[in-house]
Engineer: 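First the structure, which I've put down as structure tokens, then a few questions once you've had a look.
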Amino acid sequence: MTIREIEAKSILRKYKKIDSWFISRYGMNLYRGCIHNCIYCDGRSEGYYVDGEFGEDVTAKINAIEILRRELDPKRKRIPLKRSFVMIGGGVGDSYQPIEETYQLSRKALELVDEYNFPVHVLTKSTLIKRDIDILKKINKKSRTVVSFSFSSVDDKISAIFEPGVPSPTERLKTLAFFKNEGIACGMFLLPVIPFITDTPELMEETIRKASEVNLDFIIFGGMTLKEGRQKDYFLKTLKNKYPKLIGEYENIYQKNKWGEAAEEYYNSINLAFNSIIKKYKIAPRIPLALYKDILEENDLVVVILEHIDYLLKLKGRTSPYGYAAYSISQLKEPLSSIKRELKRINGVGKVTESIILEILKTRNSSYYKKLLTG
Ligand code: SF4
């Protein structure tokens, strides 16, 4: 393993629109590269420009905290940052990988998030996050904390093959139970499920059942992508070795394309399976509204709810106009409440969408959204 130290120019990644998976406008990568070395990790693909050998070499941004202070401090901002969860994790390196024990960049970033009163959402696969329970609780009391762990399933043996550098799913579930016990909202990113290995209805059901036993607030689900080049080659090497009979199946569903996506019919079939299991266990397939409706400003709240409605309809195999409307709203400069009478002039907004928006503006909720979640 080689550790490289670099001075970064900026740390806070600002999204062009609110991210409705994480309920976040801002994220950060404190490290580049990841010793966890998950076999399917897309951080390995050429597009991310991670230096050195992925899985062995890690770069630490040693001036991260100094820069982050400048970026978060409201006194230094002409336009204040918008309210949303600040996202730690979910990039090209786990924020709680072993190097964090030495550099403590994630801990120090949390201290700043606490100092400047932002809510935080941390996504990791590492139980090291327990070390920071004191700050996470402080943030939760003032502004709110969400802790999420990612899984490809709850099978410890399969995880040892595809996630060789991280604590077992059993350990991850125990850690989630620990945070829930401390009053912190927790979720699972069941992402990616590994085709024909962890996406079977039986194993998905076991995973969701175990998530429900620790009372998780949500499960966000997704299939695997395999980008041509380093990511795909590395994955297929392990597959050939451990599951040689599946090579043909993979060739069928992963035909060459820019984003490494599998065939649409494959994604549709696992989405339908996920939808029927999650309904049985009554777990939300998105971060529940109660965790952010008092945080977001109105346009962002509308965008997130419309995108969630869009997702729920597609999960049921239906088409939806709401994603397009959400995108148009995300581009607006003015608050929706100031143009209430002209909503239908927004691209993608028709009569039904208009009434959903007006209800959200009035109640910060949507009866249609609620119906879709329970129906
Ligand atoms: S923990 Fe995340 S970033 Fe690290 S190797 Fe695994 S998938 Fe990639």
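Whatever order the structure lists them in is the order used to number ligands and atoms, beginning at 1. The residues of the chain are indexed from 1 along the displayed sequence. Predicted, not measured: the structure shown is a model, and the values here were computed from it.
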Engineer: Scan the side chains in residues 277-291 for donor-acceptor partners under 3.5 Å anywhere in the protein, sequence neighbours excluded, and list what turns up.
Structural biologist:
| residue | atom | partner | partner atom | Å |
| --- | --- | --- | --- | --- |
| Lys280 | NZ | Glu205 | OE2 | 2.7 |
| Tyr281 | OH | Glu205 | OE2 | 2.7 |

Engineer: Check for me whether Arg172 meets the cation-pi criterion with Phe151, that is, NZ or CZ under 6.0 Å from the six-membered ring centre and within 45 degrees of the ring axis.
Structural biologist: yes
Engineer: Have a look around atom 4 (Fe) of ligand 1 and list protein N/O/S atoms under 2.8 Å, or say none.
Structural biologist: Cys34 SG
Engineer: For His121 and Ser148, what are the C-alpha separation, side-chain angles and deciding distance, and is it a side-chain contact (heavy atoms from CB on, under 4.5 Å)?
Structural biologist: CA-CA 7 Å; His121 180 182; Ser148 298; 2.7 Å; yes
Engineer: Let me check something: any side-chain donor-acceptor pairs from residues 348-361 under 3.5 Å, sequence neighbours excluded? List them with distances.
Structural biologist:
| residue | atom | partner | partner atom | Å |
| --- | --- | --- | --- | --- |
| Ser355 | OG | Val352 | O | 2.8 |
| Glu359 | OE1 | Ser367 | N | 3.3 |
| Glu359 | OE1 | Ser367 | OG | 3.0 |
| Glu359 | OE2 | Ser367 | N | 3.0 |
| Glu359 | OE2 | Ser367 | OG | 3.0 |

Engineer: Could you work out, with salt bridge (Lys or Arg N to Asp or Glu O under 4.0 Å) as the rule, every residue matching Glu56, not counting sequence neighbours?
Structural biologist: none
Engineer: Do the side chain of Gln231 and the main chain of Thr225 share a donor and acceptor less than 3.5 angstrom apart?
Structural biologist: yes
